[in-house]
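See below for the structure under consideration.
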Amino acid sequence: SEADVAVMLETVAYLQKTLTFFESIEPQLLLLPTPLELLASLQTEINVTQFDAFRNTFQSAKSPKRQIADVLIFINAGGLDLLQRFHSAILRLPFKAMPLQVQLLELEMCQMLWTLSSNTETEAAVLKELKLDNIVQSLFRVTLVPNAIVVPPPNPYTQWQGDIQMEFVNYLIITSLGCLSCVLEYESPNIQIDLASNHKFLEQIEGGLQCLPASFKNRYLLAMSLLPALAYNLDTHRYLCKPHMIQSIIRTWRNADPTPENNATRGESIYLKYLAALQITMLCATRDRYTTQYLQISELLEQFLREADATELHTHEKELGYVLNKYIPYLRVAYMPYYAKRTVQACGSDPRYRNLQMMCIETHVLFFQVILNGERERKRMVDQGLMDYVVCLPSVLPDGSRA
């Protein structure tokens with residue numbers, strides 16, 4: 001409608017106006033302490049709540065077609081380019097010395113990029129222009145260390161301190177992870193290999209899985225959801241199969257049960273284990289040999305599969321908002337020679353490893369059972385021409401699998 005177009009054009013115009021102002025004062029923002037008059041002009045010229053309002057227009061209760069139209073109008077009017085230029089300008093400033101208003105702006109940039117990239121109907125248009133390095137830089141604003149408390153850089157130039165500052169940094173990490181999860185779900189081989197080969201990035205993901213305190217259903221789940229998406233590209237497995245990465249997943253899996261410390265619900269706990277199981281089974285599919293470390297995985301998978309229920313998992317998936325949109329990578333693995341009847345012996349002579357391979361198969365079957373519980377997901381699978389491949393899975397899987 002004309003009203004929708006007007007709102008999108010207003011959003012773009014506001015971005016242009018605030019970006020021009022921000023670029024004009026950028027050199028002064030490097031001065032420490034930040035001049036009081038500059039802080040006053042920041043609050044006057046850039047209304048952070050306005051960005052929040054614009055973001056909500058993309059999430060409002062509109063028909064899917066109107067939401068798609070809004071995103072495309074925004075992109076075609078130059079909104080995405082302006083948003084990323086603004087994000088780049090903020091990233092040029094040291095995070096530990098940024099005024100509160102600028103820190104909030106960075107969070108708004110990441111949240112808006114996450115919102116734009118999370119619509120599966122417009123993801124191709126958004127992700128084609130998305131600057132991945134910017135999102136990764138926001139994720140690196142604070143180093144996440146396993147088994148350590150997230151400590152924001154000391155910042156005497158903002159009124160946010162202590163627990164409030166820590167919570168803000170946690171939101172920035174969560175938003176960056178969320179945006180990256182959308183990028184990786186799009187399945188771009190170059191992006192996946194670039195991130196998997198980035199040692200610092202994998203360390204940050206490991207830290208995100210284990211550092212404390214954490215908003216369990218957000219940071220833990222988002223960090224874990226990135227790993228199966230990275231593993232879609234088989235060339236990433238040489239980085240993801242390193243012992244310390246496998247051990248990190250095992251440790252997170254074992255700590256997933258609800259406790260007073262993590263404040264997790266049963267649904268969050270089960271779904272975290274489900275994501276960990278998907279990651280492990282993606283990696284196991286390409287192994288020519290297994291180490292004893294994989295026997296720990298076998299025990300965890302066996303326990304998980306005894307308790308897992310596809311209908312319950314689908315319910316938790318909807319409640320938590322973690323809908324996996326890519327099915328081809330899981331089909332590709334299920335049809336690999338390692339899973340075929342004639343080559344199941346490839347996993348070795350030790351029956352424990354063969355048992356692990358069978359449980360990996362069961363986990364992939366469970367994935368499709370979860371997917372087929374959702375009407376939207378079934379339609380998407382039919383639209384992609386994949387349903388016949390799912391129906392034929394029992395004919396290519398080894399005897400004895402739950403298929």
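Since the structure is predicted, the reported quantities are computational estimates derived from the model, not experimental observations.
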For this session: Mind listing the closest non-hydrogen atom pair of A256 and S269 along with its distance?
Result: O-OG, 2.8 Å

Exercise. Would you say the side chains of Q111 and T115 form a donor-acceptor pair under 3.5 Å?
Worked result: no

Exercise. Counting heavy atoms not belonging to E307, are there more than 12 under 6.0 Å from its CD?
Worked result: yes

For this session: Please round to the nearest 0.5 Å and tell me the distance separating atom CG of L180 and atom CD of Q204.
Result: 10.5 Å

Problem set entry | Aromatic ring proximity, centroids under 6.0 angstrom, Y330 and Y232 | yes

Exercise. For L372 and R378, which heavy atoms make the closest approach, and how far apart are they?
Worked result: O-NH1, 2.7 Å

Problem set entry | Least distance between heavy atoms, S298 atom then M359 atom | OG-CE, 3.0 Å

Exercise. What are the two closest non-hydrogen atoms of D70 and M8, and how far apart are they?
Worked result: O-SD, 3.3 Å

Exercise. CD1/I361 to CG/L356 distance, rounded to the nearest 0.5 angstrom?
Worked result: 10.0 Å

Exercise. For Q369 and H314, what are the C-alpha separation, side-chain angles and deciding distance, and is it a side chain to side chain donor-acceptor pair (under 3.5 Å)?
Worked result: CA-CA 9 Å; Q369 290 173 337; H314 179 70; over 6 Å; no

Seminar exercise, completed: T18 meets the side chain to side chain contact (heavy atoms under 4.5 Å, CB included) criterion, sequence neighbours left out, with Y14, I46, F51, F86

Exercise. So which of T281, L301, L305 actually passes side-chain contact (heavy atoms from CB on, under 4.5 Å) with E362?
Worked result: L305

For this session: State which residues pass side chain to side chain contact (heavy atoms under 4.5 Å, CB included) with I25; sequence neighbours excluded, sorted by chain then number.
Result: F21, Q28, L29, L38, L42

For this session: For atom NE2 of H199, decide whether the heavy atoms of other residues, nucleotides or ligands shown that lie under 6.0 angstrom number more than 12.
Result: no

Problem set entry | Separation of Q192 CD from Y239 OH (nearest 0.5 Å) | 13.0 Å

Extract all donor-acceptor atom pairs below 3.5 Å that involve side chains of residues 131-140 and protein atoms in other chains or at least two apart in sequence.
residue: N134; atom: ND2; partner: S88; partner atom: OG; Å: 2.9
residue: S138; atom: OG; partner: H87; partner atom: NE2; Å: 2.9
residue: S138; atom: OG; partner: E106; partner atom: OE2; Å: 2.7

Seminar exercise, completed: What one should report as the nearest heavy-atom pair of H237 and N233 is CD2-O, 3.6 Å

Problem set entry | Residues R266, E312; criterion salt bridge (Lys or Arg N to Asp or Glu O under 4.0 Å); working and verdict | CA-CA 11 Å; R266 170 177 164 79; E312 183 186 13; 3.0 Å; yes

Exercise. If only atom types and distance count, is the side chain of S181 paired as donor or acceptor with the main-chain N or O of S225 below 3.5 Å?
Worked result: no

Problem set entry | Distance in Å, Q103 CD paired with R141 CZ, rounded so as to fall on 0.5 Å steps | 8.5 Å

